[in-house]
Amino acid sequence: MEKSFFDSVHDLARQIPYGRVSTYGAIAKHLGMARSARMVGWAMNASHNLEDVPAHRVVNRVGLLSGKHHFEGTNLMQQLLENEGIKIKNNQVVDFEQLFWEEFQ
DNA sequence: AAGGTGACCGGCC
DNA sequence: TGGCCGGCCACCT
């Protein structure tokens, strides 16, 4: 099995620390494809099968939980984030810029 | 093999 | 921030 684009995205997603969030664009940028953030979203969809990919810590550029509809129920993503101490208001991360993290290794 | 699709982003108003 | 639009690119059928 060669390492696919999806795997790379999953690796980066796993690096997001507890209590912090990142964006699709940040991940895409780190992969050298800043304009292909859409593919990152697609990759996250595939990550749904995996258990060690914190997809709930990945939001869009304005801190909106754009992927919540892909989680079970309607507020699982929000619950997971609040469980990490992240405040959610109207489907978006409060103090997003402060919690934003992109120090990928 | 070609076309459709998408958990997005940046620019503009 | 919000709405609209064009671009982008790997994956699936």
Side-chain angles (χ1 to χ4, degrees):
Chain A
M1 289 289 286
E2 300 108 68
K3 196 170 183 182
S4 67
F5 173 80
F6 282 25
D7 293 320
S8 300
V9 173
H10 298 159
D11 284 339
L12 292 178
R14 291 192 192 95
Q15 293 179 26
I16 304 175
Y18 179 95
R20 304 299 293 277
V21 295
S22 193
T23 70
Y24 305 94
I27 295 174
K29 191 171 186 177
H30 195 79
L31 291 175
M33 311 193 313
R35 292 157 237 168
S36 305
R38 313 184 91 180
M39 274 312 304
V40 176
W42 193 288
M44 298 314 292
N45 186 39
S47 79
H48 218 269
N49 292 323
L50 311 176
E51 300 170 2
D52 51 339
V53 179
H56 60 278
R57 293 181 192 149
V58 184
V59 297
N60 72 0
R61 72 176 186 282
V62 298
L64 191 67
L65 307 190
S66 53
K68 67 169 282 185
H69 289 291
H70 293 264
F71 281 78
E72 298 176 21
T74 55
N75 59 340
L76 176 60
M77 186 173 184
Q78 176 172 339
Q79 291 298 312
L80 290 171
L81 289 171
E82 291 183 331
N83 189 44
E84 300 189 359
I86 299 173
K87 307 285 193 301
I88 305 299
K89 177 94 174 183
N90 199 19
N91 285 338
Q92 47 185 157
V93 178
V94 178
D95 295 328
F96 166 68
E97 295 183 8
Q98 188 178 347
L99 295 170
F100 180 53
W101 181 92
E102 63 177 335
E103 313 290 313
F104 296 105
Q105 300 171 13

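Just so it is clear: chains get the letters A, B, ... in the order the sequence lines come, proteins before strands, and each one is counted from 1. It should be emphasised that the depicted structure is a prediction, and the values quoted were computed from it without experimental measurement.
- Below the 3.5 angstrom threshold, one finds a donor paired with an acceptor across the side chain of Arg38(A) and the base of dG7(C).
- Distance, Lys29(A) NZ to dG10(B) C1': 12 Å, rounded to whole Å.
- Look at CG on Leu31(A): it is 16 Å from P on dC8(B), rounded to the nearest Å.
- Considering every non-hydrogen atom in both Val62(A) and Phe96(A), the closest pair reads C-CD2, 4.1 Å.
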Quick one: do Phe104(A) and Ile16(A) satisfy side-chain contact (heavy atoms from CB on, under 4.5 Å)? Show the steps, please.
CA-CA 8 Å; Phe104(A) 296 105; Ile16(A) 304 175; 4.2 Å; yes

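- Nucleic acid contact for Phe6(A): sugar-phosphate only, since backbone atoms but no base atoms lie under 4.0 Å from a heavy atom of the residue.
- Distance Glu102(A) CD to dC9(B) P: 12 Å, rounded to the nearest Å.
- Computed from coordinates, the Asn60(A) CG to dT1(C) C1' distance equals 12 Å when rounded to whole Å.
- At the heavy-atom level, Ala46(A) lies nowhere under 4.0 Å from the strands shown.
- With rounding to whole Å, Asp7(A) atom CG is found 13 Å from dA10(C) atom C1'.
- Of all nucleotides listed (dC9(C), dA7(B), dG2(C)), dG2(C) comes nearest to the side chain of Gln92(A).
- dT1(C) makes up no base pair with any nucleotide shown, lacking Watson-Crick or G-U wobble contacts both under 3.5 Å.
- Positionally, the nearest nucleotide of DNA chain C for Arg35(A) lies more toward the 5' end than for the other of Trp42(A) and Arg35(A).
- Distance check: Met39(A) CE to Met44(A) CE gives 12.0 Å after rounding to the nearest 0.5 Å.
- The nearest whole Å value for the distance from the CG atom in Asn49(A) to the C1' atom in dA7(B) is 14 Å.
- Side chain of Val62(A), nearest nucleotide from dT1(C), dC9(B), dG6(B): dT1(C).
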Between Tyr18(A) and Arg57(A), does a side-chain contact (heavy atoms from CB on, under 4.5 Å) hold up when you go through it step by step?
CA-CA 9 Å; Tyr18(A) 179 95; Arg57(A) 293 181 192 149; 3.8 Å; yes

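- For dC9(C), the paired base is dG6(B) (Watson-Crick or G-U wobble, both distances below 3.5 Å).
- Comparing the same atom, P, in dC8(C) and in dA1(B) gives a spacing of 24 Å after rounding to whole Å.
- Within the model, atoms CD of Glu72(A) and CD of Gln79(A) stand 13.0 Å from one another, a figure rounded to the nearest 0.5 Å.
- Side chain Arg61(A) to base dG10(B): a donor-acceptor pair is found below 3.5 Å.
- Among the protein residues, Val59(A) comes within range of no part of the nucleic acid, since none of its heavy atoms lies under 4.0 Å from any strand.
- Distances from the side chain of Ala55(A) to the nucleotides dG6(B), dC9(B), dA7(B) place dA7(B) closest.
- Taking atom CE of residue Met33(A) and atom P of nucleotide dG10(B), one finds them 15 Å apart after rounding to whole Å.
- Between the P atom of dG10(B) and the OH atom of Tyr24(A) lies a distance of 14 Å, rounded to the nearest Å.
- Here Asn45(A) lies in heavy-atom contact (under 4.0 Å) with a base.
- Phosphate proximity of dA10(C) to Ser36(A): absent, as no side-chain N or O sits under 4.0 Å from OP1 or OP2.
- Residue-level contact check: His48(A) touches the bases, meaning some heavy atom is under 4.0 Å from a base atom.
- Counting only N and O atoms by type, the side chains of Ser4(A) and Asp7(A) include a donor and acceptor under 3.5 Å apart.
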